[in-house]
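For reference, the structure discussed in these notes is given below.
All figures in this text were calculated on a predicted structure; none of them were measured in a lab. Below, chains carry the letters A, B, ... as their sequence lines are ordered, and counting in each starts from 1.
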Amino acid sequence: MTVKRIPDPDASVKFADGAIDTSSTKWVPNEFDQYAVETALRLAEDAKSKKRHAEIVVCSVCPAAQRQHITTFLAMGADRGVVVDADDTALDSQAVAKLIAGVFKKEGADLLVCGKLSQDSEGNEVGQRVAGLLDLPIASFAGGVTWDQGNSAMVVSREVDDGVETKKVPLPSVLTCDLRVVLPSSVKNGITPDDYTYNEGPRLASLRGITMAKRKKVEQLKPADLGVEAGSAVNNNAVTPPPARAAGQIVESVEQLVEKLASEAKVL
Amino acid sequence: MSKVLVVVETDGTTIKNASLPGVTAGAELAKHTGGELHLLVVGSGVGDAANAVGAAGFGAAGVHVADHAELAPFTTEAWTDTVVAAAKALGATALGGTATSTLRDVIPRAAALLDAPLAAEITGVKGNNTFSREMSAGRALADFTLSGSVVCFTARASDFAPAAAGGAAPVSAVDAGTPNKRGAEVVGIETTQSARPALTEASVVVAGGRGMGSGENFAPLETLTDLLGGALGASRAATDAGMVPADLQVGQTGKVVAPELYFAVAISGAIQHLAGMKGSKTIVAINKDPEAPIFQVADYGLVAKWEDTLPQLIEMVKAKKSS
Ligand SMILES: Cc1cc2nc3c(=O)[nH]c(=O)nc-3n(C[C@H](O)[C@H](O)[C@H](O)COP(=O)(O)OP(=O)(O)OC[C@H]3O[C@@H](n4cnc5c(N)ncnc54)[C@H](O)[C@@H]3O)c2cc1C
Ligand SMILES: Nc1ncnc2c1ncn2[C@@H]1O[C@H](COP(=O)(O)O)[C@@H](O)[C@H]1O
């Protein structure tokens with residue numbers, strides 16, 4: 001599974017010289033990747049006996065010195081990490097996807113679980129790109145996943161524009177996780193009883209998990225180790241704050257609201 | 001000469017409305033690059049639909065049809081094979097379309113195979129391969145340029161007017177390549193049935209949040225929605241709780257809407273929600289908490305409980321409509 005570091009989404013965005021100023025940024029794991037690791041854990045574990053049936057490797061493309069977000073996921077329960085040491089802010093999504101594809105191949109993995117979206121750059125593209133580069137099937141925008149162990153396939157409810165599509169993809173394949181994959185009964189692995197209900201949302205790391213995380217292995221690779229020349233074909237000319245909306249007004253009653261909508265805004 | 005290829009989706013008869021903003025974005029890019037706009041119709045048995053697209057033209061120099069049994073139902077695996085084959089066969093210098101769930105699946109995969117950069121969910125075309133888009137839940141605006149022999153884009157529907165029909169364009173078959181589902185199988189599709197306009201196309205959106213309490217309590221919102229001929233929307237909290245279907249979610253992760261009139265009822269106004277609706281022309285917020293952040297973007301705010309306001313609002317709107 002993959003995780004990206006992003007600037008804390010609860011902090012305000014700072015700008016300097018026509019760019020986002022990250023000099024004082026607190027980096028945190030992308031929320032959708034928290035959903036991805038929760039999905040991977042629910043797929044890999046027997047929730048009752050806590051036994052594991054699959055190994056979970058966390059992969060991130062980021063400066064090796066800034067890999068705390070990987071440690072967070074190791075503390076939640078992932079088994080080991082791979083960091084591709086590169087400044088992700090200087091790479092485009094194609095470069096990131098090539099690096100992740102390289103790690104996937106090197107590991108001989110069966111399933112790639114990605115988030116659907118980076119909360120900061122909002123590409124919504126890396127998982128789809130990796131699947132393309134690896135020539136694998138993909139179920140994107142997963143809101144529910146059932147592992148069909150007998151057929152070695154994932155049956156995925158995909159959140160599409162006008163409803164839900166159920167798509168079956170054989171392993172090896174790629175999933176990208178949407179919000180509702182972390183609802184209590186969204187993931188079934190054929191091992192944990194189907195009626196088991198998880199707590200909503202990604203799990204918190206336990207104290208024991210945090211201690212154990214320090215001992216888990218994190219392999220460090222360079223883009224060159226994966227035969228990837230990492231660059232970017234995207235050039236930002238300027239990144240600026242959006243124009244603010246003009247201040248509105250508080251109305252005192254429904255009468256006043258309807259009156260203003262009709263005569264002032266002219267929308268009724 | 002540059003050639004902008006826009007993938008359009010059809011409903012069996014003609015182009016889907018959802019595809020029209022992407023055609024406009026493609027036409028703008030073609031204008032900026034001094035090139036031609038071309039449209040690509042993909043599917044199985046889509047000949048008639050392609051002819052209808054050709055008849056409407058939309059300013060395109062050509063409409064291309066890739067018809068193959070493997071292309072229905074939609075899978076990104078098979079569609080991407082075809083889209084990439086067609087882009088190569090036609091010598092496209094740009095490839096894109098509206099940022100629907102279909103093309104948000106296909107275009108990035110195609111971009112990977114073409115080794116091309118992608119401008120995702122653009123809000124504007126600024127120049128030759130230069131675009132604008134939002135980031136960080138609408139809190140930053142980027143103006144950027146892509147380089148490469150092919151570039152890709154998806155266009156945010158709320159930021160481009162639907163393309164208008166024009167003179168007819170010639171329709172011809174294009175080699176669909178060898179589309180392959182790679183073992184993927186669509187087991188079922190559950191479409192949310194609604195007689196209302198699509199959320200992204202409606203001129204009025206009435207949205208409810210967690211404070212509505214339950215799905216049944218959405219009834220007055222639905223009444224208001226139908227009185228105004230609008231679409232129903234919701235916050236993540238309301239969709240996660242199962243009050244309404246997930247595809248009604250408005251926000252960073254849901255639909256981005258920009259109607260003439262947006263009602264946010266019992267919605268706090270988290271940045272992820274604002275990202276999906278702050279482009280609306282007039283925003284009305286009804287919330288019992290005067291400190292709710294939604295009031296910072298609302299043109300008209302009413303600090304009140306929905307239980308105490310919606311019945312009267314419905315009656316007054318009814319009266320306005322019939323007067
Ligand atoms: C990665 C990520 C992506 C997200 N994407 C989205 C997204 O796309 N869209 C989205 O909406 N959210 C999204 N969210 C969630 C978002 O952060 C908020 O949690 C969510 O929008 C809150 O929904 P809400 O306003 O309905 O609920 P709350 O924040 O709980 O607000 C409920 C509001 O109802 C009011 N209220 C309660 N009772 C009444 C009453 N009787 N009458 C009137 N008012 C009442 C309360 O005062 C309160 O303001 C995302 C979050 C994350 C982490
Ligand atoms: N630098 C990165 N390292 C690891 N995974 C990433 C990186 N960038 C993006 N991803 C993954 O790709 C998903 C989609 O990101 P994006 O296409 O950028 O919106 C994220 O949720 C991550 O799982």
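- The part of B:Ile271 that comes within reach of chain A is its side chain, from C-beta onward, which places non-hydrogen atoms under 4.5 angstrom from that chain.
- Annotation: side chain of B:Phe263 is in contact with side chain of A:Leu261 (closest heavy-atom distance under 4.5 Å).
- In plain terms, the two heavy atoms of B:Ser101 and A:Phe141 that are nearest each other are O-CE1, 3.5 Å.
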- request: Might you work through the side chain to side chain donor-acceptor pair (under 3.5 Å) test for B:Thr145 and A:Asn237, ending with a clear yes or no?
  value: CA-CA 7 Å; B:Thr145 305; A:Asn237 307 315; 3.0 Å; yes
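- Side chain of A:Gln94 to main chain of B:Ala112: a donor-acceptor pair is present (N/O by atom type, distance under 3.5 Å, no hydrogens or angles).
- When heavy atoms are compared at a cutoff of 4.5 Å, B:Tyr300 approaches chain A by way of both its backbone and its side chain.
- B:Lys255 contributes a side-chain N or O that, together with a main-chain N or O of A:Asp161, makes up a donor-acceptor pair within less than 3.5 Å.
- Contact of A:Ile250 with chain B is made through backbone and side chain together, with heavy-atom distances under 4.5 Å.
- Between the A:Arg245 side chain and the B:Val297 main chain, a donor and an acceptor come within less than 3.5 Å of each other.
- Here B:Ala116 is the residue among B:Ala18, B:Ala116, B:Ala110 with the most heavy-atom pairs under 4.5 Å with chain A.
- Neither the backbone nor the side chain of A:Thr176 has a heavy atom closer than 4.5 Å to any heavy atom of chain B.
- For the options B:Thr253, B:Asp308, B:Leu113, heavy-atom pairs under 4.5 Å to chain A are most numerous at B:Thr253.
- For the residue pair A:Val267 and B:Glu260, the shortest heavy atom distance occurs at CG1-O, 4.0 Å.
- Looking at heavy atoms from C-beta onward, A:Lys167 lies in side-chain contact with B:Thr76 at the 4.5 angstrom threshold.
- Taking B:Lys281, B:Lys126, B:Gln249, B:Gln272 one by one and counting their heavy-atom pairs under 4.5 Å with chain A, the maximum is reached by B:Gln249.
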message: As a quick check of understanding, evaluate side chain to side chain contact (heavy atoms under 4.5 Å, CB included) for B:Met135 and A:Val13, giving each step before the final call.
response: CA-CA 10 Å; B:Met135 301 192 306; A:Val13 182; over 6 Å; no
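- Side-chain atoms of A:Arg180 do not come within 3.5 Å of backbone N or O of B:Thr239 as any donor-acceptor pair.
- Annotation for A:Glu122 and B:Ala137: closest pair OE2-N, 2.6 Å, computed over non-hydrogen atoms.
- In this structure the side chain of A:Ile138 reaches within 4.5 angstrom of the side chain of B:Glu77, judged on heavy atoms.
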message: What verdict does the side chain to side chain contact (heavy atoms under 4.5 Å, CB included) test give for B:Leu228 and A:Leu268, after you've listed the backbone C-alpha separation in whole Å, the side-chain angles of each residue and the deciding distance to 0.1 Å?
response: CA-CA 8 Å; B:Leu228 297 168; A:Leu268 279 187; 3.5 Å; yes
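- Side-chain N or O atoms of B:Gln252 include one that pairs as donor or acceptor with a backbone N or O of A:Gln119 at under 3.5 Å.
- Between B:Leu141 and A:Pro243, the shortest heavy-atom contact is CD1-CD, 3.9 Å.
- Of the atoms belonging to A:Asp178, it is side-chain heavy atoms, and not backbone ones, that fall under 4.5 Å from chain B.
- In terms of heavy atoms, B:Pro117 sits closest to A:Val234 at CB-CG2, 4.2 Å.
- Between B:Thr192 and A:Asp162, the closest side-chain pair of non-hydrogen atoms is not below 4.5 Å.
- Side chain of B:Arg133 to main chain of A:Ser121: a donor-acceptor pair is present (N/O by atom type, distance under 3.5 Å, no hydrogens or angles).
- A heavy-atom distance below 4.5 Å is not found between the side chains of B:Glu315 and A:Val254.
- Proximity of B:Thr282 to A:Glu264: side-chain heavy atoms (C-beta onward) are nowhere separated by under 4.5 Å.
- With a threshold of 4.5 angstrom between heavy atoms, A:Arg129 approaches chain B through its backbone and through its side chain.
- Across every non-hydrogen atom of B:Lys320 and A:Val258, the tightest pair is CG-CG1, 4.1 Å.
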